[in-house]
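Here is how names work: the chains are called A, B, and so on, in the same order as the sequence lines, proteins then strands, and each is numbered from 1. Small disclaimer: the values here were computed from a predicted structure and weren't measured.
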Protein chains: 2
Amino acid sequence: MRVMDKNDKLMSDKPTQSTMADVARLAGVSAMTVSRALRPNSAIAAQTRARIFKIIEDIGYVPDMTAGGLSSRKSGFIAALVPTINNSNFADTARGLTEVLSAAGLQLLLGYTDYSLEREEALIEAMLRRRPEGVMLTGSIHTERTRHLLKNAHIPVVETWDSPNDPINHMVGFSNAEATKAMVHHLHARGYHEIGFIGGGSTEDTRGSDRLAGYLAAVAELNLPAGRVITYGLPPISIEHGGEALSMLIAAWPNVDAVVCVSDLSAFGALSECHRRGLKVPQNIAIAGFGDFDLSRWSWPKLTTVSVNAIEIGRRSGSILLEALKAPSAYNQIDRVAFSIIQRETT
Amino acid sequence: MRVMDKNDKLMSDKPTQSTMADVARLAGVSAMTVSRALRPNSAIAAQTRARIFKIIEDIGYVPDMTAGGLSSRKSGFIAALVPTINNSNFADTARGLTEVLSAAGLQLLLGYTDYSLEREEALIEAMLRRRPEGVMLTGSIHTERTRHLLKNAHIPVVETWDSPNDPINHMVGFSNAEATKAMVHHLHARGYHEIGFIGGGSTEDTRGSDRLAGYLAAVAELNLPAGRVITYGLPPISIEHGGEALSMLIAAWPNVDAVVCVSDLSAFGALSECHRRGLKVPQNIAIAGFGDFDLSRWSWPKLTTVSVNAIEIGRRSGSILLEALKAPSAYNQIDRVAFSIIQRETT
DNA sequence: TTGCCGCTTGTTATCGATAACGTAGCCGCA
DNA sequence: TGCGGCTACGTTATCGATAACAAGCGGCAA
């Protein structure tokens with residue numbers, strides 16, 4: 001039997017990714033020199049660096065960041081949680097965040113809560129195991145344990161897409177209630193008075209609940225007939241839900257002349273259902289969405305909606321996190337982003 | 001000045017996440033005992049475990065997997081690359097993959113290539129730095145360096161959404177060309193003879209190119225008039241591109257009676273453009289999509305499309321990876337998934 | 001009483017990298 | 001010639017966990 005040596009690659013039955021020590025051995029230098037070759041602005045002879053890089057390319061060596069991170073105490077990534085990725089708003093926010101972070105050499109670890117606070121808690125814990133350097137959350141309602149875990153992690157946290165009363169740390173968002181209120185006022189100004197609302201049937205989608213609350217407040221302010229609300233389906237509220245909810249709305253209140261939907265997806269479903277029923281939009285009924293999805297810009301007719309700069313929410317969250325990493329401060333940044341009513345063809 | 005001690009939490013200006021050693025000290029045991037308390041089926045007194053758990057909850061300790069992984073040589077990560085997440089097909093595949101992997105305690109590291117092979121290469125390298133235990137790719141065309149890096153990583157790789165001639169390792173997919181060919185035959189059987197194609201203007205979207213190739217092959221087989229192709233816009237081909245491409249198609253070949261679109265998104269854009277022009281679908285022109293997105297099920301009229309079980313692609317990829325991790329084998333799994341033509345209202 | 005076994009816990013080495021410090025060699029200048 | 005300073009490396013300790021082995025302890029049978 002042949003003698004096994006620690007440095008003998010043949011000894012292991014399973015081949016593995018090569019390490020910095022392998023590179024060092026082949027280059028005839030120490031591991032530390034390889035480490036230096038890999039980072040810019042470090043004292044190393046150009047010739048040595050070139051020799052090391054040649055070997056790195058040849059054997060396909062890729063440094064192990066988890067090992068490096070353990071030593072340098074930096075994981076190099078940020079955790080981000082969104083309710084679902086199957087929603088262009090949240091996808092845009094993730095994109096904006098990625099943009100800013102990757103420019104700073106940080107990676108994004110993305111998780112989906114499926115609109116569940118329990119899943120959010122479980123995800124937070126799973127991600128904290130990887131020691132992210134910062135966290136972006138969607139919404140401001142979290143379990144007690146989630147808050148406890150985040151506090152004890154001692155890393156910057158940004159809550160987004162909401163306007164929390166008691167932020168954990170930083171915040172980038174807006175009031176969903178105010179935005180929906182503005183849409184109701186807009187419809188009222190255009191002459192609609194029998195305004196209904198279509199939303200989801202879950203209390204865990206706090207943005208959805210806030211939008212309903214905003215609708216109710218506006219209807220009360222304007223002395224419009226109240227109660228024209230269909231809450232139906234579990235988040236994420238789909239196109240299908242929107243179509244079915246419209247049928248229910250019309251069945252319950254046949255004289256409804258406008259409907260505010262919790263999102264563009266449900267608005268699009270309602271629109272398709274109107275086509276199917278031969279209802280003219282907006283002549284017979286007006287439809288408003290929320291979110292300014294691609295869909296709403298190119299549907300027929302084009303959807304009136306509330307536009308939120310989703311990608312900017314991501315970018316600003318990224319900037320705040322980067323700033324907090326550079327210079328931790330006791331102050332929480334509260335960054336409100338604007339929303340606007342986009343009047344198109346459905347109202 | 002007070003004396004600093006290594007175990008003194010006050011010595012550092014910046015508070016950090018607590019470690020296993022902190023828990024051990026508070027519980028009056030060794031770190032190893034805490035480690036054992038954290039994993040099921042390990043020899044530890046129930047009473048000791050309970051005491052340790054109490055402390056863990058109190059101080060909000062979360063174990064550091066990167067450190068643990070270094071020691072146990074398992075990162076707990078699987079890397080997955082998709083062209084874009086703003087596409088319900090790829091989102092579904094990611095979802096299916098997550099489903100299977102998270103049940104096995106593995107996390108997904110998701111990246112978007114934006115349909116660029118260079119970005120794919122850069123992402124692969126970035127992800128390999130975190131030592132994933134397996135990789136899922138979309139498509140079968142990669143740079144030489146991507147292949148080199150993956151080979152040297154010695155981890156299982158699954159290529160998806162394609163039917164490669166020379167797979168790196170495993171594969172779960174189907175032939176995009178065959179699927180599109182089937183759609184053309186379907187349209188022909190329903191009596192359409194002036195069939196056009198709308199696709200993207202990039203060669204890096206290999207699935208798009210394969211679909212175009214399938215269309216061309218079918219048209220040749222059936223002796224239909226050829227050349228009715230508009231390739232327009234860069235991936236991801238959006239709703240907007242579809243609408244504009246339809247205008248171009250009609251301008252170039254006014255007697256086109258059916259159009260095969262590279263995806264449901266472009267098909268939907270084409271459909272909206274028809275509404276705008278007052279063209280009846282399918283009476284004046286038939287429209288077919290690809291992918292069976294939510295959109296196509298609920299648009300008006302409902303879109304005829306090619307259905308691919310995207311979530312199943314993710315699930316099977318996950319199973320193959322798990323299997324390969326348990327028992328590495330020399331054999332590459334080649335798993336073909338079925339596609340089907342869904343006849344709805346637009347053809 | 002002795003010896004063995006199983007249960008529970010501790011000790012030491014290690015994973016792959018980096019921080020911090022040490023040192024050899026070279027150059028220039030007094 | 002001698003010394004300081006710089007460059008280009010190497011050495012050692014360390015990050016936070018786990019693997020592997022060692023060991024204390026009580027119980028029970030011989």
Side-chain angles (χ1 to χ4, degrees), chain A residues 6-7 9 11-12 14 16-52 56 59 61-76 128-133 153-154, chain B residues 6-7 9 11-12 14 16-52 56 59 61-77 105 128-133 153-154:
Chain A
K6 193 194 155 187
N7 293 330
K9 276 281 178 185
M11 86 180 238
S12 53
K14 213 202 279 182
T16 60
Q17 173 71 270
S18 39
T19 71
M20 192 173 267
D22 295 327
V23 177
R25 198 176 320 115
L26 290 170
V29 296
S30 73
M32 195 62 228
T33 301
V34 177
S35 175
R36 275 189 278 252
L38 284 167
R39 80 190 52 252
N41 312 324
S42 57
I44 186 169
Q47 184 188 346
T48 310
R49 169 173 273 153
R51 182 158 40 99
I52 289 171
I56 286 176
I59 69 172
Y61 168 71
V62 177
D64 185 333
M65 280 189 75
T66 67
L70 188 59
S71 163
S72 63
R73 322 185 59 53
K74 281 174 198 282
S75 66
L128 287 179
R129 286 171 200 268
R130 313 239 175 229
R131 297 292 185 267
E133 299 182 37
H154 302 288
Chain B
K6 192 195 157 188
N7 293 330
K9 276 281 176 184
M11 88 181 238
S12 54
K14 213 202 280 183
T16 60
Q17 173 71 270
S18 38
T19 71
M20 193 173 268
D22 296 327
V23 176
R25 198 176 320 114
L26 291 170
V29 295
S30 73
M32 195 61 229
T33 302
V34 177
S35 174
R36 275 189 276 253
L38 285 167
R39 79 189 54 249
N41 313 325
S42 58
I44 186 168
Q47 186 189 344
T48 311
R49 170 174 272 153
R51 180 158 42 100
I52 290 172
I56 287 176
I59 69 171
Y61 167 71
V62 176
D64 186 331
M65 280 189 75
T66 67
L70 189 60
S71 160
S72 63
R73 318 186 60 54
K74 281 172 198 283
S75 67
F77 268 131
L128 286 180
R129 285 170 201 268
R130 307 215 176 258
R131 295 293 185 266
E133 300 180 38
H154 301 288

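Considering only side-chain N and O atoms, B/Tyr61 lies nowhere under 4.0 angstrom from the phosphate OP1 or OP2 of D/dG16.
Residue A/Ser42 comes nearest to A/Arg49 through the heavy atom pair OG-NH2, 3.7 Å, listed as atom of the first residue, atom of the second, then distance. Across every non-hydrogen atom of B/Leu38 and B/Met20, the tightest pair is CD1-CE, 3.8 Å.
In this entry the distance linking CD1 of A/Ile52 with P of D/dC9 reads 8 Å, nearest Å.
To the nearest 0.5 Å, the span separating OG1 on A/Thr33 from CD1 on A/Ile52 amounts to 6.0 Å. With values rounded to the nearest 0.5 angstrom, A/Ile44 atom CD1 is found 11.0 Å from A/Arg39 atom CZ. Atom CZ of B/Arg129 sits about 15.5 Å away from atom OG of B/Ser75, to the nearest 0.5 Å. For the atom pair CZ of A/Arg131 and OG1 of A/Thr66, the computed distance is 13.5 Å after rounding to the nearest 0.5 Å. Of the inter-residue distances, the one linking B/Leu128 atom CG with A/Gln17 atom CD reads 6.5 Å to the nearest 0.5 angstrom.
Contact check for A/Arg25 versus A/Ser18: no side-chain heavy atoms found under the 4.5 Å cut-off.
Sorted by residue number, the members of residues 63-74 of chain A with any non-hydrogen atom under 4.0 Å from DNA chain D read A/Leu70, A/Ser71, A/Arg73. At a non-hydrogen distance threshold of 4.0 Å, A/Met32, A/Ser35, A/Arg39 from residues 29-51 of chain A come into contact with DNA chain C.
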